[in-house]
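In this text the structure is predicted, and so the values were computed from the model without any measurement.
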Amino acid sequence: LLQMFSRTLESLFFLALFGSVCSTTLDPSRFHCVAYNSTSNVGIFRSNMPLAADSDSTVSPSSYGYDAILALAASAGEAECGTAAFSEATPYIVEVTLTNAADDKNGLLSLRSFWSLPENFSLGRLAEWPLGVSGLVPPSKVDRSKWQSVASKMWAVDQLPSRVGHLSSMLSGESPGGGVGPTVVLVHCNAGCDRTGEMVGALRLATAAADPKGMYVADTDECGRSPNYYSTTSLEWFCIWNFYFNGGRYGVDECVGFAECEPFGDCEPVTV
């Protein structure tokens, strides 16, 4: 309940200050191939809000950057994941958006309008997994003896462990929905840094693709900045959850040593 209340407060505060957030167009510098499974022919990619460069603020299927996604998936797949699979055949797209109407109403509605057209059903599908503020109090402020208990109970709203597990299953080819041919699983929020970094960073920890420091450096490099305080704190708690409940291959103390944050402000990696 406290978690849900904090999310509501932040959304109201954000809207009171800034009103509706303008939709951002797809930024090639934030489009990256995170992982690829050659057996399943599935790739996990990350980006910011994938609207076309020539789109405006109106809600329309034509605002969606479908062609740009295909082009960027082909180039990033080859450059970063070492596969030409996404240029050799048109991939099926499973779009996982972490946004909600509070931070980009028009962008979210444009995604829905594109994927709701019957002629686009064969191209892919949209999954809405909104993330909010799961990280208000960092583990460093909680008695260490309580870490395991807290980490086990804090995901009722965001469902981060189960959704990371679902992404991992998609990567292994367990019914991502594409049928024959390559599949692009595109994870994004609005900016492509905070909630996207949270989800992708958690996936890397869960699949042992990186240790905590390596995960956070990759997040920072791919976006151009580190995830914010809330998403970084959430990553710290997920790191602890992954250690206790998913066999994380690192020491639990590493979960509070990969980032430095200003309270409720900016963060940066700890590389020493």
Using every non-hydrogen atom in the two residues, find where [X] and [Y] come nearest and quote the distance to one decimal.
{"X": "L123", "Y": "W115", "value": "C-CZ3, 3.8 Å"}
{"X": "R204", "Y": "A218", "value": "NH1-CB, 3.5 Å"}
{"X": "Q159", "Y": "S162", "value": "O-OG, 3.0 Å"}
{"X": "W129", "Y": "V96", "value": "CE3-CG1, 3.4 Å"}
{"X": "F238", "Y": "A202", "value": "CE2-O, 3.2 Å"}
{"X": "V270", "Y": "G257", "value": "CB-O, 3.5 Å"}

Any [X] side-chain heavy atom under 4.5 Å of [Y] side chain:
{"X": "D219", "Y": "V200", "value": "yes"}
{"X": "E236", "Y": "F258", "value": "yes"}
{"X": "L111", "Y": "M49", "value": "yes"}
{"X": "N48", "Y": "T196", "value": "no"}
{"X": "N242", "Y": "Y250", "value": "yes"}
{"X": "V150", "Y": "I240", "value": "no"}
{"X": "S168", "Y": "L203", "value": "yes"}
{"X": "P269", "Y": "S226", "value": "yes"}

Measure the [atom1]-[atom2] distance between [X] and [Y] for me, rounded to the nearest 0.5 Å.
{"X": "W155", "Y": "W241", "atom1": "CH2", "atom2": "CH2", "answer": "9.0 Å"}
{"X": "E80", "Y": "C33", "atom1": "CD", "atom2": "SG", "answer": "6.5 Å"}
{"X": "T99", "Y": "E128", "atom1": "OG1", "atom2": "CD", "answer": "7.0 Å"}
{"X": "K105", "Y": "N100", "atom1": "NZ", "atom2": "CG", "answer": "12.5 Å"}
{"X": "L235", "Y": "C239", "atom1": "CG", "atom2": "SG", "answer": "8.5 Å"}
{"X": "L98", "Y": "R163", "atom1": "CG", "atom2": "CZ", "answer": "8.5 Å"}

Requested in this report: Give the intermediate values and the outcome of side-chain contact (heavy atoms from CB on, under 4.5 Å) for residues L51 and S110.
Outcome: CA-CA 8 Å; L51 299 183; S110 290; 4.1 Å; yes

Could you tell me whether the side chain of [X] and the main chain of [Y] form a donor-acceptor pair under 3.5 Å?
{"X": "W237", "Y": "G135", "value": "no"}
{"X": "N246", "Y": "G248", "value": "no"}
{"X": "S149", "Y": "K146", "value": "no"}
{"X": "T233", "Y": "Y230", "value": "no"}
{"X": "N228", "Y": "D194", "value": "no"}
{"X": "S40", "Y": "L171", "value": "yes"}

Cluster link [X] to [Y], ILVMFWY, side chain under 4.5 Å:
{"X": "L160", "Y": "F245", "answer": "yes"}
{"X": "V34", "Y": "V217", "answer": "no"}
{"X": "L117", "Y": "V59", "answer": "no"}

Requested in this report: Using a strict 4.0 Å threshold on nitrogen-to-oxygen distance, state whether D158 and R195 make a salt bridge.
Outcome: no

Query raised in the report: For M199 and V164, what are the C-alpha separation, side-chain angles and deciding distance, and is it a side-chain contact (heavy atoms from CB on, under 4.5 Å)?
Result: CA-CA 7 Å; M199 184 67 71; V164 166; 3.8 Å; yes

Query raised in the report: Between C193 and R30, is a side-chain contact (heavy atoms from CB on, under 4.5 Å) present by the stated rule, with each step listed?
Result: CA-CA 8 Å; C193 294; R30 293 185 177 177; 3.4 Å; yes

Query raised in the report: Would you call the rings of F31 and F45 parallel, tilted or perpendicular, where under 30° means parallel and over 60° means perpendicular?
Result: tilted

Report task. List the steps and the verdict of side-chain contact (heavy atoms from CB on, under 4.5 Å) for F86 and E78. Result -> CA-CA 8 Å; F86 305 107; E78 188 163 0; over 6 Å; no

Only pairs under 3.5 Å count here: list side-chain donor-acceptor contacts from residues 260-268, not counting sequence neighbours, and write none if there are none.
none

